[in-house]
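So the structure is just underneath, and the comments pick up after that.
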Number of protein chains: 2
Amino acid sequence: MNFNDLKIFQAIYEIGSLNKAAEQLGYAQSNITTRLKVMETELNTKLFLRTQKGVTPTKTGNIFYSATLNIQAELAKVTTQIDQQKKTLLGSEVLISELLNNSGLVSYSHFSKIVVKRQENIVQEAANNLYDLVVTFADLNNNHNYHLQKTRAIKCNYLARESHAFANNLPVLVNSDPICAFRKRTLQDLADKSRILEIDSLQAIEMMVEQGSGISLLPCSFAETKNLVKLRTTDISLEYKIYQSK
Amino acid sequence: MNFNDLKIFQAIYEIGSLNKAAEQLGYAQSNITTRLKVMETELNTKLFLRTQKGVTPTKTGNIFYSATLNIQAELAKVTTQIDQQKKTLLGSEVLISELLNNSGLVSYSHFSKIVVKRQENIVQEAANNLYDLVVTFADLNNNHNYHLQKTRAIKCNYLARESHAFANNLPVLVNSDPICAFRKRTLQDLADKSRILEIDSLQAIEMMVEQGSGISLLPCSFAETKNLVKLRTTDISLEYKIYQSK
DNA sequence: CCTGGTTACGGGTGGCGTAAAGATG
DNA sequence: CATCTTTACGCCACCCGTAACCAGG
């Protein structure tokens with residue numbers, strides 16, 4: 001007995017005829033007889049009584065019918081569940097935000113699930129589960145389940161609410177994620193480490209910058225959408241990678 | 001994908017290794033790889049991440065695992081249900097009572113279900129469902145799903161609580177089932193049809209005879225168990241048949 | 001080298017179609 | 001004889017085993 005037999009049985013049951021079931025399913029009549037016989041042998045019971053005008057189910061036939069419906073329903077359920085699960089995107093918070101801001105690069109509708117992890121967790125997470133797409137500053141080259149699809153750069157700048165003079169005295173907000181590319185670059189650029197203020201939530205950093213209580217290295221697109229001022233004349237390019245599952 | 005693949009997948013999942021799963025299931029290792037690949041292709045998803053020390057399930061692997069458990073449970077359920085249902089006995093009330101009284105002929109433990117029908121319904125019932133055994137006065141020869149296993153006779157007599165003189169004035173109790181062999185015989189034997197009293201329940205007839213409010217043509221075994229008196233010196237033999245499902 | 005997964009290939013079984021043969025009204 | 005099921009037989013695909021190969025510690 002195999003999965004296809006369930007469909008065959010169901011058709012026989014609902015149509016009440018081996019001939020008609022064969023026709024509807026596109027099988028030879030003989031095959032239906034054979035498959036039914038296989039099922040009956042395997043279950044060690046008669047499933048249908050053969051009559052002149054077709055077949056009628058026995059009690060065990062009725063029992064088996066409901067089972068076939070259950071099993072096929074379960075099968076259909078799992079395939080849709082898997083299809084739902086399939087399109088997942090893994091990325092770090094700042095990258096995903098950027099991609100969502102510059103809409104068109106990443107659309108919610110393309111993915112059933114978007115998982116945002118801190119950079120330090122992305123390698124581990126990508127190893128433990130297979131994502132359709134991974135957007136990250138990290139290096140996944142030693143993970144055989146993914147291949148590099150493309151490398152892109154995100155244009156950033158130090159953003160503040162207002163003028164330079166004003167901004168010079170503000171704390172510099174960074175993520176506490178040690179591998180975060182924005183943080184690393186900020187630490188490189190900044191002489192006076194005492195100005196650093198670690199904030200773990202991207203949204204909180206945005207808010208503080210908008211309110212004028214800090215500056216932060218952020219994607220340039222934020223300057224427009226949030227109406228912020230770039231503190232550098234030239235933008236900074238931070239490379240990130242998009243990996244695809246094999 | 002077939003039913004066996006579910007077992008294979010389950011083993012892989014629970015053991016975490018293709019090699020070990022193959023060993024445990026008695027398959028060649030290569031076959032496990034192939035079957036897994038088939039499943040992954042058919043579901044269009046990776047189910048396991050291959051690592052150096054075995055395999056670990058992906059999210060879709062986890063989803064599929066629970067589905068395999070459900071399906072296999074449903075499959076196990078239906079087979080036991082069918083096995084339970086299988087051994088059924090169909091017979092008319094008086095015959096079944098007789099067979100149960102003379103225990104050894106029919107044992108409750110041999111059948112999961114004993115269906116008792118009036119004679120007039122037995123042919124129909126036997127046609128609509130397949131019973132393991134049918135015990136009946138009726139003729140099932142034109143039903144191809146059964147074959148005659150043996151013909152037996154049941155020894156009967158007119159039974160009463162006490163003496164003949166007493167019994168002569170009592171009503172004669174019969175089943176109202178027009179095809180019932182006991183009824184037919186009683187009507188043949190009895191000249192005075194006005195004495196006939198139709199009672200549909202065998203148990204009610206027994207009770208009335210025991211209480212001395214009627215006589216009835218009943219299996220001889222009832223005379224002993226119920227301590228009744230035979231009204232005829234020679235017993236009457238009524239033939240019945242035991243049919244078996246093919 | 002050892003462990004664990006993958007690929008290549010050949011044999012046997014099982015699913016399917018064609019065709020013909022029962023069975024029943 | 002018309003309709004439905006069953007049997008006979010042959011073809012092809014699929015399942016499985018053997019064996020060799022590949023990757024990582």
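Residue numbers start from 1 in every chain, and the chains themselves are labelled A, B, ... in the order their sequence lines are given, proteins ahead of strands.
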Grab the [atom1]-[atom2] distance between [X] and [N] for me, whole Å please.
{"X": "A:E40", "N": "D:dT5", "atom1": "CD", "atom2": "P", "value": "12 Å"}
{"X": "A:M39", "N": "C:dG14", "atom1": "CE", "atom2": "C1'", "value": "14 Å"}
{"X": "B:L36", "N": "D:dC15", "atom1": "CG", "atom2": "P", "value": "14 Å"}
{"X": "B:Y27", "N": "D:dC16", "atom1": "OH", "atom2": "P", "value": "5 Å"}
{"X": "B:N31", "N": "C:dT7", "atom1": "CG", "atom2": "P", "value": "14 Å"}
{"X": "B:M1", "N": "D:dC14", "atom1": "CE", "atom2": "P", "value": "15 Å"}
{"X": "B:F3", "N": "D:dC14", "atom1": "CZ", "atom2": "P", "value": "18 Å"}
{"X": "A:L47", "N": "D:dT5", "atom1": "CG", "atom2": "P", "value": "15 Å"}

For [X], which contact category applies under a 4.0 Å heavy-atom criterion: base, sugar-phosphate, or nothing?
{"X": "B:G26", "result": "sugar-phosphate"}
{"X": "A:T34", "result": "nothing"}
{"X": "A:T33", "result": "base"}
{"X": "A:V55", "result": "sugar-phosphate"}

Under 3.5 Å, side chain of [X] to main-chain N/O of [Y], donor-acceptor pair present?
{"X": "B:D5", "Y": "B:N2", "value": "yes"}
{"X": "B:T60", "Y": "B:T45", "value": "no"}
{"X": "A:Y146", "Y": "A:A126", "value": "yes"}

Choosing from [options], which nucleotide comes nearest the side chain of [X]?
{"X": "A:L18", "options": "D:dC15, D:dT6, C:dG4", "value": "D:dT6"}
{"X": "A:S30", "options": "C:dG17, D:dC16, C:dG4", "value": "C:dG17"}
{"X": "A:A28", "options": "C:dT18, D:dC4, C:dG4", "value": "C:dT18"}

Short side-chain N/O contact to [N] OP1/OP2 from [X], under 4.0 Å:
{"X": "B:R35", "N": "D:dC15", "result": "yes"}
{"X": "B:K20", "N": "C:dG4", "result": "yes"}
{"X": "B:R50", "N": "C:dG4", "result": "no"}
{"X": "A:K53", "N": "C:dT24", "result": "no"}
{"X": "B:N19", "N": "C:dG5", "result": "yes"}
{"X": "B:N2", "N": "D:dC15", "result": "yes"}
{"X": "B:K37", "N": "C:dT7", "result": "yes"}
{"X": "A:Q29", "N": "D:dT5", "result": "no"}
{"X": "B:N4", "N": "D:dC16", "result": "yes"}
{"X": "A:H144", "N": "D:dG24", "result": "yes"}

Comparing B:Q52 and B:I8 on DNA chain D - which has the more 5′ nearest nucleotide: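 Closest to the 5' end, via its nearest nucleotide, is B:I8.
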Is there side-chain contact between B:V174 and B:I199, with at least one heavy-atom pair below 4.5 Å?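 SC-SC contact between B:V174 and B:I199 ruled out.
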Flag for B:Y243-B:K150: side-chain donor and acceptor within less than 3.5 Å: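 There is no such pair (donor and acceptor under 3.5 Å, judged by atom type) between the side chains of B:K150 and B:Y243.
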Other residues, nucleotides, ligands: >12 heavy atoms within 6.0 Å of B:Q10 CD: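 Correct, the count exceeds 12.
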